[in-house]
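To start, the structure itself, in structure tokens.
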Amino acid sequence: MEYPFEQIEKKWQKIWSDKKIFNAKNNTDKKNYYVLSMFPYPSGALHMGHVSNYSIADAITRYKMMQGYNVMQPMGYDSFGMPAENFAIQHNSHPRITTDQNIEIMRKQFDMMGFGIDWEREVSTCHSDYYKWGQWFFKKMYEKGLAYKKRSFQNWCDNCQTVLANEQVEDGKCWRCSSVVRQKELEQWFFKITEYAEELLDFSGVIDWPERVKTMQTNWIGKSFGTEIWFRMEDSEDLIKVFTTRPDTIFGCTFMALPPEHPLVTNWLKLKEEPENSKMHKFCDKIMNEDTINRTSEDTTKEGIFTGRFAINPVNGEKVQIWITNYVLMDYGTGAVMAVPAHDQRDFEFAKKYDIPMKLVIQNPEEKLILEEMKEAYTEPGILVNSDNFDGLESTESMTSISEWMTENNMGKVTITYRLRDWGVSRQRYWGNPIPIIYCEDCGTVLVPDEDLPIKLPENVQLGKTTQNPLLSADDWVNVKCPKCGKPARRETDTMDTFVDSSWYYARYADPKNNEMPFSKELADNWLPVDQYIGGIEHAVMHLMYARFFHKFMRDLGMVNSNEPFARLLTQGMVTKDGAKMGKSKNNAIDPQYIVDRYGSDTVRVFMLFASPPDKDSEWSDEGVKGAFRFLNRVWRLFEENLELIKNISVTLSDPAMPDRIEGSDNKLCAEIKKLRYSTHFTIKKVLNDIENRMQFNTAIAAIMEHLNNVYSIKNVETLNVAEKVIFVESCVAIPHLMYVFAPHLSEELWKIIGEENLLHEAGLPKFNEKYLIQDEITYVIQIMGKVRGKINVSVDATDDEIKKLALEVENVTKSLEGKEIKKMIIVPKKLVSIVAK
RNA sequence: GCGAAAGUGGCGGAGUUGGUAGACGCGCUGGCCUUAGAAGCCAGUGAGAGAAAUCUCGUAGGGGUUCGAGUCCCCUCUUUCGCACCA
């Protein structure tokens, strides 16, 4: 017989919902705890990745409720974005309709899982009561000088007249029409995240973030100390600024490398002597259309073209050739590189290929370098040569003095550079948040006034007619009066990156229905920072960094007090099947709905949490799900078989006089019951520790399984004396009490049928008694030269000498030591005896 | 290519500070129960040798530190994630 999971789960879901136990209160005596899962993109149905994510979050939610916190676990939908737009086009519908339908389905599935979500705080980013505040934030960014427009290069398909994401470019061709993709320079809106680069490197405001996420973000920001050096053009006053981390090699610079995107290059290409079909034009076009990952790859052949122009090295007045190359990026540093072929491998390869002069300026102190014989660049530290007054200095030490000297003589300055680039937020798409800007011929760029917010997306657009941004053809919407002068003007048609929506949603949950502001400061500070944030590792850098940036921005606006949005972070692993990520593209997805219908939500939760630690990938297994179901059935049967006994005794368990009576009767307890009592208290201790300190649900569940096996090993329950029966019942009751966080429906039901009045989250965490964890004997392992040769049981208070004596008496030990001399004996307390013998 | 992780039986995984490798679960094998099946229950299960006691080998591969290494150090390989317009 299977336990009636369907009936039980529906019943308790209704009770929880009716009693509103998951509706977080804004004002209580209890301490607040905010559990947040990354909100889902409403793709139509929950997948296993969601189930895994929310099972973890729900376990934490219920654990914290048992601990007595006022817990908030909200939910919402990240509902703007390209997939919804494409889906609507394919199905000849509108993204608003399909998105709302999808949300409806997902909401039902959340309920079927029984997650403890506070539905009164639900948000959806595509609803105007939410995106209004995204527009409001854009205006604030603009007012603070943090939103600005600049030209930047984007993947462009001429045929579709649209920008393409990197993932929409397949082998350099458009995914839709297969025409060749080129790089086009477009005016785009940016947020100045670089302004916060330094602060984003500081993680002192977070409590418990995985080291690897911090490292990835730190590397992404990529701070480096170096020197900016100013080269003058030979025949004009134009300056070329270069950034280098190796000012010690400046005297060895023999050429300069520019990317084709460099403004100087752009200017030169516009000159009359460079017709459209010139070599330089062709070269630049070719390089710009390669994708940047390939361009910077070390394997890529270095290519370049000599511009025929020269710059002057400020330190020695030497002429250096100016080249356009494929291996320098406009986005990093100053977008120009001083090339020192003798001491940089990329420059070395390039100089060899194009026969550019080299100059040795750092000599290897170990083995003298001869320029003509070098097979690769010498990049190690050494002694400066050919460097005027700096000759003879150690190269690493010379960096400071060279930089200082250059600063004094107006040749450059010491500077810090970040790899981090400003955040491009412009998207040429319909299904996103409109940027609140109006362009007027007379007044220029004008912000939309607050009273005109939200700018609602026009409904009557033609999706899929053209591949361009559909907003361009929404004439009624685009043509507006200038808010300043009233003359005809045009709206900005770009919408915002959806990462903007997801950068502050966690704060909106604190005050989701506010019509006056994004949220009130009081309520935000009441809940923020999020105590526990849970989501996929794929967001380690972008989403998590944008949200940190936004939070700091909101703090600087005086909207929140905290410095960080997420105090603790758990990055959960993927759900895989046959070693590959589960998903539509691999055609290996398992539908959670089907599994819940067959086995119930508790089974799915227990399986997902048991399959692996939350931060590791977990492999789906149909048989494993059955195993989880079997386990829950075993728990159910234990209570079914012993119901009368448990009911009768569990009532007296809460009688304060009971523990004393039991304790007094220790000598009447048989050995296996004493063991069972140890198991109960040990399991409680282990489960609490695994959840609280290690977030390791798989071992917590394993411990409960082991304990259940121990309970089942008591065969003669009827013949036990009263004291023994009490201990037996205690061992049973501990099971639903501990399992509430993993299998809440089943646990709640068992708790009820044994006669408990309150709900489990009100019962508090189970308690263990250290007294029952004391063991009178300890097993010591005996090792000889690191190999196990025997075991001894020793009383806890045995002295080292007694242990040594006993160890040497073990038969197998004596045998192994024959003909050997004992050099040393090491005793590790409560663990082992190690004998060194030769 | 750059950045970040991971690699333990047939499988998922355990092993918290260097101290009995393989907890727990799945699968498999044998048995009980049953008209039969399902379910359930009991026992066994890293490889090799041995009647057994026990011994040898074993944590991706190679080297090192240590009385003792899955755990620490160096090198190599493989897989996964991210790389700025997927979210």
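Lettering of chains follows the sequences in order, A, B, ..., and the numbering in each one begins at 1.
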Sugar-phosphate, base or nothing in reach of [X], heavy atoms under 4.0 Å:
X      : result
A/P613 : sugar-phosphate
A/A611 : sugar-phosphate
A/W620 : nothing
A/H539 : base
A/V828 : base
A/S834 : base
A/K626 : nothing
A/N709 : sugar-phosphate
A/R212 : sugar-phosphate
A/Q188 : base
A/F499 : base
A/R419 : base
A/T779 : nothing
A/N693 : nothing

Pick the nucleotide of RNA chain B nearest each of A/K686 and A/W423; which residue has the one closer to the 5' end?
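Counting from the 5' end, the first nearest nucleotide belongs to A/K686.
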Taking the nucleotide of RNA chain B with the closest heavy atom to each, which residue, A/M705 or A/S502, is nearer the 5' end?
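The residue whose closest nucleotide sits nearer the 5' end is A/M705.
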Any chance the side chains of A/T495 and A/N433 put a donor and an acceptor closer than 3.5 Å?
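No, A/N433 and A/T495 have no side-chain donor paired with an acceptor closer than 3.5 Å.
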Measure from the side chain of A/Y41, starting at C-beta and using heavy atoms only, and say which of B/G25, B/A87, B/A4 lies closest.
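For A/Y41, the side-chain atoms sit closest to B/A87.
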Out of B/C86, B/G3, B/U80, which has the shortest distance to the side chain of A/N219?
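Nucleotide nearest to A/N219's side chain: B/G3.
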Please give the distance between the [atom1] atoms of [N] and [M] as a whole number of Å.
N     : M     : atom1 : answer
B/U20 : B/U71 : P     : 13 Å
B/A38 : B/G30 : P     : 14 Å
B/C83 : B/A69 : C1'   : 36 Å
B/U17 : B/C73 : P     : 14 Å
B/C2  : B/U76 : P     : 12 Å
B/G15 : B/A21 : C1'   : 7 Å
B/A60 : B/U78 : P     : 16 Å
B/G13 : B/G22 : C1'   : 9 Å

Does a nitrogen or oxygen in the side chain of [X] sit under 4.0 Å from OP1 or OP2 of [N]?
X      : N     : answer
A/T498 : B/A87 : yes
A/N698 : B/G25 : no
A/R694 : B/A14 : no
A/Q696 : B/G15 : yes
A/R346 : B/G1  : no
A/R427 : B/C85 : yes

What is the minimum heavy-atom distance between [X] and [Y], and which atoms define it?
X      : Y      : answer
A/I435 : A/S426 : CD1-OG, 4.2 Å
A/K830 : A/Y780 : N-OH, 3.0 Å
A/Y546 : A/I193 : CD2-CD1, 3.9 Å

Opposite nucleotide pairing with [N], Watson-Crick or G-U, both atom distances under 3.5 Å:
N     : result
B/A23 : none
B/U65 : none
B/G82 : B/C2
B/U54 : B/A49
B/C41 : B/G31
B/G7  : B/C77

Confirm from the modelled atom types if A/Q783 and B/G19 form a donor-acceptor pair under 3.5 Å, side chain to base only.
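Result: at least one qualifying N/O pair found.
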Below 3.5 Å, does any donor atom in the side chain of A/E623 face an acceptor in the base of B/C11, or the other way round?
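Between B/C11 and A/E623, which were checked side chain against base, a qualifying N/O pair under 3.5 Å is absent.
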Considering only heavy atoms from C-beta outward, does the side chain of A/F610 approach that of A/F742 to under 4.5 Å?
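The answer is no; the side chains never approach within 4.5 Å.
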With a 4.5 Å limit on heavy-atom distance, are the side chains of A/R548 and A/F203 in contact?
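Yes. Closest side-chain heavy atoms under 4.5 Å.
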Short question: side chain of A/N812, backbone of A/G790 - any donor-acceptor pair under 3.5 Å?
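Not confirmed, A/N812 side chain does not pair with A/G790 backbone.
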Among A/F80, A/F138, A/W504, whose ring-ring contact (aromatic ring centres under 6.0 Å, His included) with A/Y131 holds?
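Exactly one pass, corresponding to A/F80.
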Heavy atoms under 4.0 Å is the rule here; annotate nucleotides 36-43 of chain B 5' to 3' with B where the base is hit, S where only the sugar-phosphate is, and - elsewhere.
----SSS-
Ionic contact status for A/R598 with A/E2, cut-off 4.0 Å:
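Salt bridge present between A/E2 and A/R598.
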Round to the nearest Å and state the distance from [X] atom [atom1] to [N] atom [atom2].
X      : N     : atom1 : atom2 : answer
A/L329 : B/A84 : CG    : P     : 11 Å
A/I701 : B/A23 : CD1   : P     : 18 Å
A/N812 : B/C55 : CG    : C1'   : 10 Å
A/K831 : B/U20 : NZ    : P     : 8 Å
A/F549 : B/A84 : CZ    : P     : 19 Å
A/K787 : B/C67 : NZ    : P     : 16 Å
A/F80  : B/C85 : CZ    : P     : 18 Å
A/M574 : B/C81 : CE    : P     : 5 Å

Is the glycosidic torsion of B/G9 within 90° of 0, making it syn, or is it anti?
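Glycosidic conformation of B/G9: syn.
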What do the steps show when you test A/Q428 against A/D494 for side-chain hydrogen bond (donor to acceptor under 3.5 Å, both in side chains), and what is the final call?
CA-CA 5 Å; A/Q428 290 71 39; A/D494 283 357; 3.2 Å; yes
Tell me which one of A/I784, A/V836, A/L808 satisfies side chain to side chain contact (heavy atoms under 4.5 Å, CB included) with A/I822.
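Testing each of A/I784, A/V836, A/L808 against A/I822, the sole residue satisfying side chain to side chain contact (heavy atoms under 4.5 Å, CB included) is A/L808.
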Given A/Y418, which of A/L200, A/T194, A/L201 fulfils the side chain to side chain contact (heavy atoms under 4.5 Å, CB included) condition?
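Only one option passes, and that is A/L201.
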